[in-house]
Amino acid sequence: MSGPSQRRISVLGSTGSVGCSTLDLVERHPERFRVVALAAGSNAALLADQAIRTRAEFAAVADHASWPALKMALSGTGIEAAAGADAVDEAARRDADWTMAAIVGAAGLAPTLTAVRQGRVVALANKEALVCAGALFAAEARDACATILPVDSEHNAIFQVFETERRSAVEKIILTASGGPFRTLSSAVMSTKTPKEAIAHPNWSMGLKISIDSATMMNKGLELIEAHHLFAMPEDRIDILVHPQSVVHSLVAYVDGSVLAQLGSPDMRTPIAYALAWPDRMMAPTPRLDLAALAQLTFEAPDPIRFPSLRLARDALRAGGSAPVVLNAANEEAVTAFADHRIGFTEIASVVEAVLETLPSTGVHDLEAVAAADRAARVTATGLIDRGLIGNRRAARVASAGAAD
Ligand SMILES: NC(=O)c1ccc[n+]([C@@H]2O[C@H](COP(=O)([O-])OP(=O)(O)OC[C@H]3O[C@@H](n4cnc5c(N)ncnc54)[C@H](OP(=O)(O)O)[C@@H]3O)[C@@H](O)[C@H]2O)c1
């Protein structure tokens, strides 16, 4: 039973980094929250443990192979459970007031849209959903009267300082970027880096995919597209600024020269707590900012030569249509291939670039078109990776550049 003032919440992607941080906050405030549904990909053991701990009503696992383990772990608990994509969708449909969308990658698009269609408050961590279907997403949210709360620390920061009622006074948005673990390295050195080195983020503790995206800076490219959709801001009014300390989470510049920023320690529980309590605020056990101890905050321009993903994402946003879908899907395949040691670190961006060159942008007016563009990009990317064509492309480029010199 939920209390009269308890917020009924569901967490999609509960076993991941954002999902675990969300439940950490929820479990610290049992009087404020009632857990309705939890959903995960395949980690049945952790999902069952979370469902029992939080007394969730329903637990869904996407992977059918994980169903026996989930069923056994929850037997006799009274918690309903199910497996498969439909079960994850049901978790998104269950009667909650607030849903955390924290599934990683384009896999999160359908269940996140299902939550949006229920007209709820949707706390959005799954940036790939917005990258793939930003315009459709906004239309669905409008039609269903859903509220989207950005959870990404940068977008949450902007949300906190963006004066919506004075939108015409906003000159630009400035997204900060840590620069990742390879911020100061040359491309040649980066090309030798292993997955283990790429996921060792200097400031943030995050899931594997976003950690690798941070190292290539594709994460900032995806966030650029995310910011464009969330704040209806044109691409040329969104800047990226490297800020290695990850303390200033992003800034909004106004026409009178004022620049408003949100600051905090690099701990996702601050933006998640903001979204959980919105429109109020709640206590979060995050390290308090000690600016005197930090002494220095530094900023620098990003380098699109060493980090070509930034340029690719900007170009994809400008091209519109299927280009952001293709960018995202090719990146997901390339990141998986790098994590599996099938391609090198700098080849991630080469795969994305090659796929974007192979598949010119087409219009995407519905979810079927998004799914088709996503599939085509994945087939093209895996084809290039499996046939070892990425190294060859790069060698050919270097040779032709040499011939032209
Ligand atoms: N981590 C951060 O600090 C952070 C910050 C800002 C934004 N984000 C964004 O938040 C999202 C989640 O990131 P993360 O770092 O938390 O990722 P993560 O640690 O890899 O967790 C991903 C979650 O998604 C679940 N999942 C994967 N495929 C699924 C499917 N088909 N159906 C249902 N659930 C599925 C996973 O379940 P299993 O555990 O069972 O595989 C896990 O619960 C990403 O879009 C990321 O860009 C993350």
Side-chain angles (χ1 to χ4, degrees), residues 10-24 37-51 59-67 69-70 82-92 99-112 114-115 122-132 149-157 159 175-178 180 199 201 203-214 216 218-223 225-227 230 246 249-250 264-272 274-275 286 328 331-332 335-336 339:
S10 291
V11 183
L12 310 177
S14 63
T15 52
S17 168
V18 171
C20 288
S21 293
T22 306
L23 291 182
D24 174 67
L38 300 177
S42 59
N43 189 346
L46 180 54
L47 177 64
D49 178 55
Q50 291 176 331
V61 67
D63 179 11
H64 284 285
S66 306
W67 170 235
L70 182 66
D86 288 349
V88 175
D89 204 62
E90 183 179 344
T99 301
M100 167 59 81
I103 293 173
V104 64
L109 175 58
T112 302
T114 296
V122 176
L124 186 75
N126 178 214
K127 67 191 81 181
E128 296 90 346
L130 216 50
V131 168
C132 293
L149 299 176
V151 169
D152 230 334
S153 59
E154 296 77 1
H155 305 72
N156 185 267
F159 187 77
L175 285 174
T176 52
S178 68
I199 60 174
H201 196 280
N203 307 333
W204 297 95
S205 160
M206 308 183 285
L208 176 125
K209 194 248 175 192
I210 187 174
S211 297
I212 295 174
D213 283 349
S214 294
T216 59
M218 178 58 90
N219 184 47
K220 214 47 54 180
L222 298 176
E223 287 180 8
I225 302 173
E226 185 186 11
L230 282 172
S246 301
H249 294 307
S250 276
S265 297
D267 186 320
M268 280 304 291
R269 288 175 302 176
T270 292
I272 294 170
Y274 181 89
T286 51
N328 179 68
N331 181 58
E332 285 189 25
V335 166
T336 303

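Counting starts at 1 for both ligands and their atoms, in listed order.
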Quiz item: Quick one: nearest non-hydrogen protein atom to atom 9 (C) of ligand 1, plus distance?
Solution: A125 O, 3.1 Å
Exercise. Would you indicate which of A102, S214, A87 comes nearest to atom 23 (C) of ligand 1 when only heavy atoms are counted?
Key: A102
Quiz item: Nearest non-hydrogen atom to atom 42 (C) of ligand 1 belongs to which of T15, L12, V11?
Solution: T15
Practice problem: Please check if the side chain of E223 supplies one atom and the backbone of H155 the other of a donor-acceptor pair under 3.5 Å. | Solution: no
Quiz item: To which of N219, D213, V104 does the heavy atom nearest atom 27 (C) of ligand 1 belong?
Solution: V104
Quiz item: Counting each atom of ligand 1 from 1 as listed, which ones have a heavy atom of N43 under 4.0 Å away?
Solution: 39 (O), 40 (O)
Exercise. Just need the protein heavy atom nearest to atom 47 (O) of ligand 1, so name the residue and atom and give the distance.
Key: K127 CE, 3.1 Å
Quiz item: Do A39 and ligand 1 have an N or O pair less than 3.5 Å apart?
Solution: no
Quiz item: In ligand 1, which numbered atoms sit nearer than 4.0 Å to a non-hydrogen atom of N126?
Solution: 45 (O)
Quiz item: Which protein non-hydrogen atom lies closest to atom 44 (C) of ligand 1, naming both residue and atom, and how far is it?
Solution: E128 OE1, 3.8 Å
Quiz item: Does G19 reach ligand 1 with a nitrogen or oxygen that is under 3.5 Å from one of the ligand's nitrogen or oxygen atoms?
Solution: no
Self-check item: Distance (rounded to the nearest 0.5 Å) between S21 OG and M100 CE
Solution: 8.5 Å
Exercise. Indicate the ring-plane relationship of F159 and Y274, choosing parallel, tilted or perpendicular according to the 30° and 60° boundaries.
Key: perpendicular
Quiz prompt | Closest protein heavy atom to atom 32 (N) of ligand 1, given as residue, atom name and distance to 0.1 Å | solution = A62 CB, 3.4 Å
Self-check item: Donor-acceptor side-chain pairing of S10 and T99 below 3.5 angstrom
Solution: no
Quiz prompt | Among L109, L124, I225, the one residue meeting side chain to side chain contact (heavy atoms under 4.5 Å, CB included) with L130 | solution = L124
Quiz prompt | Shortest non-hydrogen contact from L175 toward E154 | solution = CD2-CB, 3.8 Å
Exercise. Please confirm whether G13 comes within less than 3.5 Å of ligand 1 when only nitrogen or oxygen atoms on both sides are compared.
Key: yes
Quiz item: Which of these, S211, A107, G207, has its nearest heavy atom closest to atom 31 (N) of ligand 1?
Solution: A107
Quiz item: Of A92, P150, S42, A129, which has the heavy atom at the shortest distance from atom 41 (O) of ligand 1?
Solution: S42
Quiz item: Any side-chain donor paired with an acceptor under 3.5 Å for S178 and H201?
Solution: yes
Quiz item: Counting only N and O atoms by type, is there a donor-acceptor contact under 3.5 Å from the side chain of N219 to the main-chain atoms of S211?
Solution: no
Exercise. Mind listing the closest non-hydrogen atom pair of H249 and S153 along with its distance?
Key: CB-O, 3.8 Å
Exercise. Have a look at L222, L46, I210 and point out the one with the heavy atom closest to atom 46 (C) of ligand 1.
Key: I210
Self-check item: Side-chain touch N156/V151, heavy atoms, less than 4.5 angstrom
Solution: no
Practice problem: Would you mind finding which of C20, A40, P271 brings a heavy atom closest to atom 33 (C) of ligand 1? | Solution: A40
Quiz item: Looking only at side chains, do D267 and T286 share a donor and an acceptor under 3.5 Å apart?
Solution: no
Quiz item: atom 7 (C) of ligand 1: which protein heavy atom is closest, and how many Å away?
Solution: D152 OD1, 3.3 Å
Quiz item: Could a heavy atom of K209 be found less than 4.0 Å from some atom of ligand 1?
Solution: no
Quiz item: Taking both backbone and side-chain atoms of S17, is any N or O found less than 3.5 Å from an N or O belonging to ligand 1?
Solution: yes
Quiz item: For atom 13 (O) of ligand 1, which protein heavy atom lies nearest, and how many Å away is it?
Solution: V18 CG2, 4.3 Å
Quiz item: If only atom types and distance count, is the side chain of Q50 paired as donor or acceptor with the main-chain N or O of S14 below 3.5 Å?
Solution: yes
Exercise. Could you check atom 21 (O) of ligand 1 against the protein and tell me its nearest heavy-atom contact, residue, atom and distance included?
Key: G16 CA, 3.1 Å
Self-check item: Taking every non-hydrogen atom, the tightest pair across C132 and N328
Solution: SG-ND2, 3.5 Å
Practice problem: Among all protein heavy atoms, pick the one closest to atom 37 (O) of ligand 1 and tell me residue, atom and distance. | Solution: G41 N, 2.8 Å
Quiz item: Is a side-chain donor or acceptor of K220 paired with a backbone partner of T176 at a separation under 3.5 angstrom?
Solution: yes
Exercise. With heavy atoms only and a cut-off of under 4.0 Å, state how M268 meets ligand 1: side chain, backbone, both or neither.
Key: side chain
